[in-house]
Amino acid sequence: MITDGDSMGDARNTEEARLLAAFRDLDTVRQAEILHALELQAQANNLAKRVATQPDAVELDLIDKLALAISKRSTPRISLEIDLWDMAMIAAYLKRDPKVVRERMACLPSFPKAIRLPTTTGRAQPLYKAIEVIAWAEKQKEKN
């Protein structure tokens, strides 16, 4: 005698078999993507359970993980007093295209003088003291 529970179990097994067969037909890259998504979903479910039972512990854990991720991605900062900037950095600071800085600004007599470090292959790219570039830009303020 077949009960409703048995037919549901059979349907579930049939659906699982169909999904498994479809999964096996996928290429390995897509399989890896699906497995990764399932892993992320499982982690999200675990996190949701932890938030429901220990909200303060989860918050501190997330803050620690965020701080660690930020520290891994950030680069040590060099003091502006000693930092040397290339054209790209100067352009970013001045919010200009590097070509504009090179061709229209760096050639001005008032622009800070370049530092060219010695190389074995000839002339090195020009570098500029960051603090001098900042001071030069500050002097360009319009006088009212």
Side-chain angles (χ1 to χ4, degrees), residues 5-144:
D6 290 341
S7 62
M8 274 183 72
D10 290 342
R12 191 175 323 126
N13 288 341
T14 303
E15 179 65 12
E16 287 175 7
R18 188 187 66 74
L19 290 173
L20 187 56
F23 180 78
R24 288 183 178 142
D25 287 341
L26 298 173
D27 63 73
T28 55
V29 172
R30 185 67 180 127
Q31 286 178 353
E33 290 171 350
I34 291 171
L35 291 174
H36 182 67
L38 290 172
E39 182 181 319
L40 291 176
Q41 183 62 46
Q43 289 176 1
N45 291 341
N46 289 338
L47 181 60
K49 288 176 188 173
R50 282 188 59 204
V51 166
T53 59
Q54 304 170 321
D56 293 339
V58 171
E59 186 175 303
L60 290 175
D61 187 40
L62 289 175
I63 290 170
D64 288 343
K65 287 180 180 177
L66 181 59
L68 180 62
I70 291 170
S71 70
K72 285 181 179 178
R73 292 178 188 253
S74 63
T75 56
R77 297 286 176 213
I78 298 172
S79 168
L80 289 176
E81 286 79 24
I82 62 170
D83 199 5
L84 297 175
W85 284 355
D86 61 10
M87 282 296 166
M89 286 292 296
I90 295 170
Y93 173 73
L94 297 175
K95 298 183 178 16
R96 298 288 181 266
D97 186 88
K99 184 177 179 181
V100 171
V101 174
R102 187 181 317 96
E103 294 177 2
R104 297 184 186 171
M105 295 178 170
C107 58
L108 294 171
S110 62
F111 198 81
K113 300 301 176 217
I115 297 170
R116 292 187 186 270
L117 300 174
T119 67
T120 58
T121 59
R123 276 182 81 154
Q125 72 169 343
L127 298 171
Y128 299 84
K129 286 191 171 187
I131 197 76
E132 291 178 5
V133 172
I134 294 168
W136 178 84
E138 290 292 318
K139 288 180 188 175
Q140 307 312 308
K141 287 183 185 176
E142 291 182 351
K143 296 179 181 171
N144 295 334

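Numbering starts at 1 and runs along the sequence shown.
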> Can you tell me how far CD1 of Ile131 sits from CD1 of Ile82, rounded to the nearest 0.5 angstrom?
Replying inline: 11.0 Å
>> Going by the rule salt bridge (Lys or Arg N to Asp or Glu O under 4.0 Å), which residues pair with Glu132 if we only count those two or more places apart in sequence or in a different chain?
In response: none
>> Just to verify, what does Leu84 make a side chain to side chain contact (heavy atoms under 4.5 Å, CB included) with, not counting sequence neighbours?
In response: Ile115, Leu127, Lys129
> Any salt bridge (charged side-chain N to carboxylate O under 4.0 Å, His left out) pairs touching residues 14-25, not counting sequence neighbours?
Replying inline: Glu15-Arg18
> For Gln125, what residues pass the side chain to side chain donor-acceptor pair (under 3.5 Å) criterion, not counting sequence neighbours?
Replying inline: none
> Mind checking what makes side chain to side chain donor-acceptor pair (under 3.5 Å) contact with Gln41, not counting sequence neighbours?
Replying inline: Asn45
> So how far is it from Leu80 CG to Trp85 CH2, rounded to the nearest 0.5 Å?
Replying inline: 6.0 Å
Distance-only donor-acceptor hits, side chain of residues 92-110, under 3.5 Å, sequence neighbours excluded:
unit_1	atom_1	unit_2	atom_2	d
Asp97	OD2	Lys99	N	2.9
Ser110	OG	Trp136	NE1	3.0

